[in-house]
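Chain identifiers are assigned alphabetically (A, B, ...) following the order of the sequence lines, protein sequences preceding nucleic acid strands; residue numbering begins at 1 within each chain.
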Protein chains: 2
Amino acid sequence: MQSQPSARYYDWWQRQDLCYQDGKLMFAGHPVSALAARYGSPAFVYSMARVKANLQRLHSALEAAGFAGRYSILYAMKANRFAPLLTHLKTLGLCGIDACSPQEVELAVSCGFKPAQISFTAGSLSKNDFDILSRFDGLVMDCDSIHAIKTWGKYRPGAAIGIRINPALGVSRENNSALQYAGSVTTKFGIYREQFHEALAIAKAAGLTVNKIHFHTGCGYLTPQLEQWDRVIASCQWFLDQCPDLRVVNVGGGLGVPHTAEDGTLDLTQWGEILRKHFGNRKIQLEVEPGEYVLKDAGLLLLGKTYLEKKQNTWFLGLDAGFNIAPEPAYYKLPFQPLSLELGNGTFSQLQVVGNINEALDVWFQDAWLPAMDNQDYLALINAGAYSSSMASNHCMRGAFREYLID
Amino acid sequence: MQSQPSARYYDWWQRQDLCYQDGKLMFAGHPVSALAARYGSPAFVYSMARVKANLQRLHSALEAAGFAGRYSILYAMKANRFAPLLTHLKTLGLCGIDACSPQEVELAVSCGFKPAQISFTAGSLSKNDFDILSRFDGLVMDCDSIHAIKTWGKYRPGAAIGIRINPALGVSRENNSALQYAGSVTTKFGIYREQFHEALAIAKAAGLTVNKIHFHTGCGYLTPQLEQWDRVIASCQWFLDQCPDLRVVNVGGGLGVPHTAEDGTLDLTQWGEILRKHFGNRKIQLEVEPGEYVLKDAGLLLLGKTYLEKKQNTWFLGLDAGFNIAPEPAYYKLPFQPLSLELGNGTFSQLQVVGNINEALDVWFQDAWLPAMDNQDYLALINAGAYSSSMASNHCMRGAFREYLID
């Protein structure tokens, strides 16, 4: 069989806590076969140690860039809201929370976070949403429209707020328009330069102090996109200069992790230097809101093999769950690479890995390179820690799964 | 304002039970404003009368095509599994059920359908799936792989089965590869010609009688695709000829409804004639499995207005729910056109209608033509009866919605 593609398939993602040892896939110090034997399938397994390492790497980068004592990391809980995870994060004390719905705020508070540790950014809020949000004293509100400024001013006259702005310039990996938050096309996100002075005037009239600027301009960016990101941040400076009471700048999330052998990791040193260049001399508190970066590579999805069969000239490996429990590959074409739990004798072949949903987009991975699967019962999909269980549906009533946190 | 596009926007979908009367949007005999006042938002409202009319139209077409007394309609419950709807369908007696997971079979039986009224077609079945399915005596099993034939043969030696085949030719609307079930690329669905004789031999060895051929080769087809559909059915005849015990042919679902002014309705007379041409002289029972055709245009999604605001030069209308409760527009680029509950004074403007999820693909409709929305509190999205609530997720904890059936 061809061995070159399989080598690339197995090279890029291995790391100390996720690798083959003596031919067995290991994760977070456990043979994955032992995890599968204990938890069954479908099951998401998250490594708290990896989550912690990801957060510490971000802390180090921000400190190295000169932000020691004047930055916060706010975990974007929409990536994964598994309650034990949130509770552990609270105990760990390495991050606050970025929430995007009143229900997320309620859950974060139930898991131990104080409202003042939660930054709220969302659009299209209803009266009911504002009612709930106003019950949390100290919650940090980022208004993403003039409507939100007006409304919050009625609930909280005299409060300090953030404004989410839209620099009309975004960061995106090529060919993925579904991930464009800001750019040449006008989106619903934030307040644009054209309306910004009006927004400030309305905030002032409502007695609100605008002490924070928030922007989130892309998703899943890696090192090649940092040049774009630099330009985006440069284009935000104008907004900052309009705010005499500015105290906090939130640069959003969007920090990505590699999904394929072609992707490299995000260069955090270069990332930190861009932040230093733009904010090093400003007297501000810096906020970052990573979701994918903290959780995605800390999660494995364990799925059971259902069948292995040739159709025409293609081999199919069936699994016991479909795209509905981890829809990112279907929505965003971001593949979750499957791995066998045992490496076998080093012979690999190409298989299409599919799920159990009667829908054409229910393909887990087009070209998996796997060893002989005849005697293997499970498969592990990497990068399933974020935007998977949190987006799961019960489509075809195939929504059942388990979640486990390994500490 | 431009009136031409707004006329097209309002022309194509109006029908007796969904139309403006004296400037008020009516659905199933009720002013939609009264439904919104009663049910709030977000709420799915389904019209049982429309469901019944859709089923009766199919019955008429099949009878006109000469299949009286030798056909069945099996509703594809994956489109919408709201239990009151299933119970009403059972009472109505116009259809059986097409189920695609053991959990769907259990629910259909709980709603009153007998296992013999349920046709089961799905792939990638686990041992646990087969265990559950084998508990339902009389359930009609369509095997979609050689693996399924072998396994079912162990559970039910001597049984009659269907085989889902794949003619390697499909029906699809242009530019929507996400909806391709069969075609030049090999998919996971069904058994191809290359493996079909092996499949028959294995069935025979397991003591199974293959008395049914099933195929499902596309999704949402309309009149322009009927020519393709004709060729697809022609290409399936070879499979039928290989089965000496053939009694039933199931031509799947895929019958579409229009989503835009450019789409026409599906010409059921032409559709029936194609079936007559291919199956009129065969001594078989014909089965059809519509999902979208039965439910989609029988459902409205009522959403509350959150804000109306200009960003750059684009007007945005925000709603109190996002793509996660009705993901078809996001997955498949099939738009759900929004309508105001009151027509106003006849002046329309173009708005982008968006949801409350912090994600770039959370756009309900790019170019809606709506009257002044300042004094309107709700919006209705048409075509929300199928593949909406059944695929909903709790992403961002924004998964709450209500469902109501109007009888």
Out of [options], return the one with the most heavy atom pairs under 4.5 angstrom to chain A.
options	answer
B/A392, B/A321, B/S145	B/S145
B/S41, B/G318, B/S390, B/A79	B/S390
B/D362, B/T186, B/N356	B/T186
B/M77, B/K310, B/Q352, B/E106	B/K310

### Task
Mark yes when over 12 heavy atoms from residues, nucleotides or ligands other than A/N313 sit less than 6.0 Å from its CG; otherwise mark no.
no
Rounded to the nearest 0.5 Å, what separation is found between the [atom1] atom of [X] and the [atom2] atom of [Y]?
X	Y	atom1	atom2	value
B/N358	A/S101	CG	OG	10.0 Å
A/F189	B/K311	CZ	NZ	9.0 Å
B/K305	A/K127	NZ	NZ	14.5 Å
A/S393	B/I325	OG	CD1	13.0 Å

Measuring heavy-atom distances to chain A, does [X] have an atom under 4.5 Å in its side chain, in its backbone, in both, or in neither?
X	result
B/L107	side chain
B/Q312	both
B/E194	side chain

Is it the case that the side chain of [X] and the backbone of [Y] share a donor-acceptor pair, with hydrogens and angles ignored and the cut-off at 3.5 Å?
X	Y	result
B/S126	A/T306	no
A/E309	B/H147	yes
A/K188	B/G355	yes

#### Entry: Interface residue of largest heavy-atom contact number with chain B, from A/D320, A/L317, A/D144, under 4.5 Å
A/D144
## Note on the structure
Comparing A/A148, A/G304, A/G322, A/G190 against chain B, the one with the most heavy-atom pairs below 4.5 Å turns out to be A/G190
### Query
So what's closer than 4.5 Å to chain B heavy atoms on A/N394: side chain, backbone, both or neither?
both
Distance-minimising heavy-atom pair for [X] and [Y]:
X	Y	result
A/K78	B/C396	CE-SG, 3.7 Å
B/S124	A/Y307	CA-CE2, 3.7 Å
A/M391	B/F323	CE-CZ, 4.3 Å

### Task
Salt-bridge test for A/R398 and B/D129: reply yes if a basic N is under 4.0 Å from a carboxylate O, no otherwise.
yes
